[in-house]
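Letters go in sequence order (proteins before strands), and every chain restarts at 1. We use all heavy atoms of the structure for the numbers below, so side chains are in, but hydrogens, waters and symmetry mates are not.
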Amino acid sequence: MNFDDALRLTEILLAFALVQHSVEHVFSAKSERYLFITRMLLSGLLALGIGTTWVCSALAVLSLLILRWFHGPYNGGSDRMSLLILWCLTFAHLMPTLQLKEYVFGYLAIQLLLSYFISGWVKIVNPDWRNGRALQDVFQFSTYPASEQLRSFANYPRLLFCASWSVMIFELLFPLTVITQTTLIIGLTVAALFHLANACLFGLNRFFWIWLTAYPSLIWLHARIFEI
Amino acid sequence: MYKTLKLILSALFPSWRFFDVIAPSPRIEFTVLKTANSSPDHWQEFRPRPIQLSFFEMLKRMFWNPQRNENLFLVSCAERIMSEPTDQSIQEITRRIETELSASHNEFVEESYLQFRLVFLYREDTQIKNQIMFLSSISKMDGA
């Protein structure tokens, strides 16, 4: 995947994710709806590739207003990833040379790698994650399970022990998937399935779409480094 | 402006520490009072999760999940109230309870008062315990 294609695909996927987020606020009782209607319109222009530099810049400014409105990200990690992608796209468009544009877009790819590796690292250093207790806590009393029925997973400690280690090993080994294009595609597919499972079990649908949005940057960086 | 700058910087240089520890987990409970001086005798969980979700419902939520995402925002508000209490976080929770109550029991809400509390669930050894960590002031519902 070349740089232009990867950037364009990221713009389209981001536009879709931002529209999806924004629609949820359009029916809000408060005037926040105007912020999100504006964001939807700008996202439409982004998807169509019209005035991309200015549209990205306007979306970046709007993201600051939305951050102020909610006194922080509305949905924690997924909103932080949205901001990271949006601001990287904006800076990539604003940079004067191709090399600088590539550095900015490459930064997004590196952050995507780190998002898995660091998440795995902070888990494996915690004894509760190593013995499966942490995942049991997630199902037993955290706010995350999407339904009460899913809390019954807490009654299967061996299953959760295996699931905990599977998640930690996958997250820690994810950076190694860049060795070949095939391993990278397999790694990204497994990662997407992991986010899909999180969306079904914990209702974290925004994570699924926004992490997918960052994948073209890593596919491009892999091609840029290993296939030239 | 400084706070917004700090927030955007934390997005541009993220820590990615997802689920590093399983912290005490908040539940929002509310009570509707007839007068501002009434004593609450019945607390109700705000938006308890569904008993079960069908495959179709899960699929739908991949694309359209506003209430769940709003609930996650309210969890953030509850955590913010504990770490750095602000009127804004309290109002975000109050407003959503009011809006939902007025949508379902309009005539009941208009002359009523609302109070909410934050109950945190946590594990101590092998037991799950809960503790009331915050009690809001009583506010008159405007039926909005």
Val23(A), part contacting chain B, at a heavy-atom distance under 4.5 Å: both

Report the C-alpha distance between Trp121(A) and Phe18(B) in whole Å, list the side-chain angles of each, state the deciding distance to 0.1 Å, and finish with yes or no for ring-ring contact (aromatic ring centres under 6.0 Å, His included). CA-CA 10 Å; Trp121(A) 179 256; Phe18(B) 296 125; over 10 Å; no

Ile128(B) versus chain A, the contacting section by heavy-atom distance below 4.5 Å: side chain

Checking Gln111(A) against Trp16(B): is there a side-chain donor and acceptor pair closer than 3.5 Å? yes

Which region of Pro48(B), side chain (C-beta onward) or backbone (N, CA, C, O), has a non-hydrogen atom less than 4.5 Å from a non-hydrogen atom of chain A, or is it both or neither? neither

Is a donor from one side chain sitting under 3.5 angstrom from an acceptor on the other, for Glu24(A) and Asn65(B)? no

What distance do Leu201(A) atom CG and Met58(B) atom CE have between them, rounded to the nearest 0.5 Å? 6.5 Å

With no hydrogens and no angle check, is any side-chain donor or acceptor of Ser25(B) less than 3.5 Å from a backbone partner on Thr143(A)? yes

If you apply the rule side chain to side chain contact (heavy atoms under 4.5 Å, CB included), what do you find for Arg80(A) with Ser10(B), and how did you get there? CA-CA 8 Å; Arg80(A) 285 200 177 90; Ser10(B) 74; 3.7 Å; yes

Considering only heavy atoms, which portion of Ser15(B) lies under 4.5 Å from any heavy atom of chain A: side chain, backbone, both, or neither? backbone

Report the distance from atom NZ of Lys129(B) to atom CZ of Phe141(A), rounding to the nearest 0.5 Å. 13.0 Å

Out of Leu67(A), Asn75(A), Ile118(A), return the one with the most heavy atom pairs under 4.5 angstrom to chain B. Asn75(A)

Which bit of Phe13(B) is near chain A, if near means a heavy-atom gap under 4.5 Å: side chain, backbone, both or neither? both

Would you compute the distance between atom CZ of Arg49(B) and atom CD of Glu148(A) and round it to the nearest 0.5 angstrom? 5.5 Å

Side chain to side chain contact (heavy atoms under 4.5 Å, CB included) between Ile22(B) and Asp128(A): does it pass, once the steps are laid out? CA-CA 9 Å; Ile22(B) 310 305; Asp128(A) 280 347; over 6 Å; no

Got a donor-acceptor contact below 3.5 angstrom from the Tyr107(A) side chain to the Leu12(B) backbone? yes

Can you tell which part of Tyr144(A) gets under 4.5 Å to a heavy atom of chain B, answering side chain, backbone, both or neither? both

Quick check on Gln140(A) against chain B: is it the side chain, the backbone, both or neither that has a heavy atom closer than 4.5 Å? side chain

With no hydrogens and no angle check, is any side-chain donor or acceptor of Gln88(B) less than 3.5 Å from a backbone partner on Trp69(A)? yes

Where the side chain of Asn126(A) meets the backbone of Asp20(B), is there a donor-acceptor pair that is under 3.5 Å apart? yes

